[in-house]
Number of protein chains: 2
Amino acid sequence: MPKDQSQESHTAPAVQDGQQCDRIKEVLSRVGDRWSVMIIFSLGRGTMRFNEMKRYLGISQRMLSLTLKALERDGLVQRTLHPTVPPRVDYDLTDLGRSFCEPVYAMGRWALDNLDNIDRSRAAYDAAQED
Amino acid sequence: MPKDQSQESHTAPAVQDGQQCDRIKEVLSRVGDRWSVMIIFSLGRGTMRFNEMKRYLGISQRMLSLTLKALERDGLVQRTLHPTVPPRVDYDLTDLGRSFCEPVYAMGRWALDNLDNIDRSRAAYDAAQED
DNA sequence: TGTGACTGGTATCTATTCGACACCACCTAG
DNA sequence: CTAGGTGGTGTCGAATAGATACCAGTCACA
């Protein structure tokens, strides 16, 4: 419950007024973790299979399984089992998942553009600490 | 190490070819966690003080302290100590932090727009599981 | 003159979560 | 017969998050 909403004379940029902030927090808690973002990110390229993602992302089988299940439950990812021999499982983004791609890519692009800035900041901070 | 880069006939949207993906993963591991995003999100509204953020976000003191320190190290957040009595500490975004706001807000906006979709998906998924 | 609450933290202890590993059934190649 | 692929689940120790206590100092209330 936000206590001090009275002095927002700043550059309030978007949607926000307290209970909305709570809902955002709620959603980000669900889909805002590292592996969810990474999975959405790579599925944006197209269909992937379980072990393919595992190798590509360097994620443990357990976390991949759990995260994919959660994303499927949230309606971002679709799981398709092909009853061949051996059985083959494809993972794709749903429409909802694809719409989530845009903000995820925006973050990815920012990450790429600013990795060097962050590294410089870190080095400067660490150097300053050594006094 | 991506193994299968050959069949990207899909809507490959942005920067990506393996080692770039690794760097994105690296940055997202740093600033992509829930509390970092939430802190950037609320600092986007303007200067905040330590306990103000603590109350607003519902974060523990320890995590707030640690996350702010990490964000300061990464150059996204600036800490200003006013040597008054009692001492007062202000937290602001740096220019780098403000540039990060855009993708963060994009995610927040998506979260807000799609919370209901996610809830419906979850309910449907859970109902289907009960067979 | 306590005592309760505020400031911005740190230290500690515990609960949750994560990742490594083993295991499953089944198939194929050597 | 063994090694490796498929897509997972179960277990266990380590890392991590959150709750709580505590710090030094100041203020208001009674």
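Letters A, B, ... are given to chains in the order of the sequence lines, protein chains preceding strands, and every chain is numbered from 1.
Map A/I59 and B/F50 each onto its nearest nucleotide of DNA chain C; the residue landing nearer the 5' end is B/F50.
Counting to the nearest Å, the C1' atom of D/dG7 and the CD atom of A/E52 are 13 Å from each other. Whole-Å rounding puts the B/M53 CE to C/dG9 P distance at 11 Å. Rounded to an integer number of Å, the gap from CG of A/L66 to P of C/dT17 is 11 Å. If you take CE of B/M63 and P of C/dA11, they are 16 Å apart, rounded to a whole angstrom. If you take CG of A/L68 and P of D/dG7, they are 11 Å apart, rounded to a whole angstrom. Here the C1' atom of nucleotide D/dT16 and the CG atom of A/D33 are 14 Å apart, to the nearest Å. For the pair B/M48 CE and C/dG8 C1', the interatomic distance rounds to 15 Å; values are reported in whole Å. D/dG18 atom P lies 12 Å from atom CG of B/L57, rounded to whole Å.
Comparing D/dG8, C/dG9, C/dT7 by their closest approach to the side chain of B/N51 singles out C/dT7.
At D/dT9, one or more side-chain N or O atoms of A/K69 fall inside 4.0 Å of OP1 or OP2 (strictly under the cut-off). Within the 4.0 Å cut-off from OP1 or OP2 of C/dG9, not a single side-chain nitrogen or oxygen of B/R49 is found. Side-chain nitrogen and oxygen atoms of B/W35 include at least one within less than 4.0 Å of the OP1 or OP2 phosphate oxygen of D/dG18. Applying the 4.0 Å criterion to OP1 and OP2 of D/dG18, one finds that B/R34 has a side-chain N or O inside that range.
Scanning residues 70-82 of chain B for heavy-atom distances under 4.0 Å to DNA chain C yields B/R79.
Interatomic distance, CG of A/N117 versus CZ of B/F100, reported as 13.0 Å (0.5 Å rounding). Rounded to the nearest 0.5 angstrom, B/L112 CG and B/Y105 OH are separated by 13.5 Å.
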Enumerate donor-acceptor pairs with a distance under 3.5 Å from any side-chain N or O in residues 63-73 of chain B to protein atoms, sequence neighbours excluded.
from, atom 1, to, atom 2, distance (Å)
B/T67, OG1, B/M63, O, 2.6
B/R73, NH1, A/D126, OD1, 2.5
B/R73, NH1, A/D126, OD2, 2.4

Which donor-acceptor pairs under 3.5 Å do side chains of residues 34-41 of chain B form with protein atoms, sequence neighbours excluded?
from, atom 1, to, atom 2, distance (Å)
B/R34, NE, A/S29, OG, 2.9
B/S36, OG, B/D33, OD1, 2.6

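For A/P83 against A/L81, the heavy-atom pair with the smallest separation is CD-O, 3.5 Å.
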Expected string for nucleotides 21-30 of chain C under the B/S/- scheme (protein heavy atoms, under 4.0 Å, primed atoms plus P, OP1, OP2 as sugar-phosphate) is -B----S---
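Applying the salt bridge (Lys or Arg N to Asp or Glu O under 4.0 Å) rule to A/R122 yields the partners B/D74; only residues at least two apart in sequence or on another chain are considered. In this structure B/T84 satisfies the side chain to side chain contact (heavy atoms under 4.5 Å, CB included) test together with B/H82, B/R88, sequence neighbours excluded.
Taking the ring axis of A/Y125 as reference, the NZ or CZ atom of A/R120 does not stay both within 45° of it and closer than 6.0 Å to the ring centre.
Between the side chains of B/D90 and B/T80, no donor-acceptor pair of N or O atoms lies under 3.5 Å.
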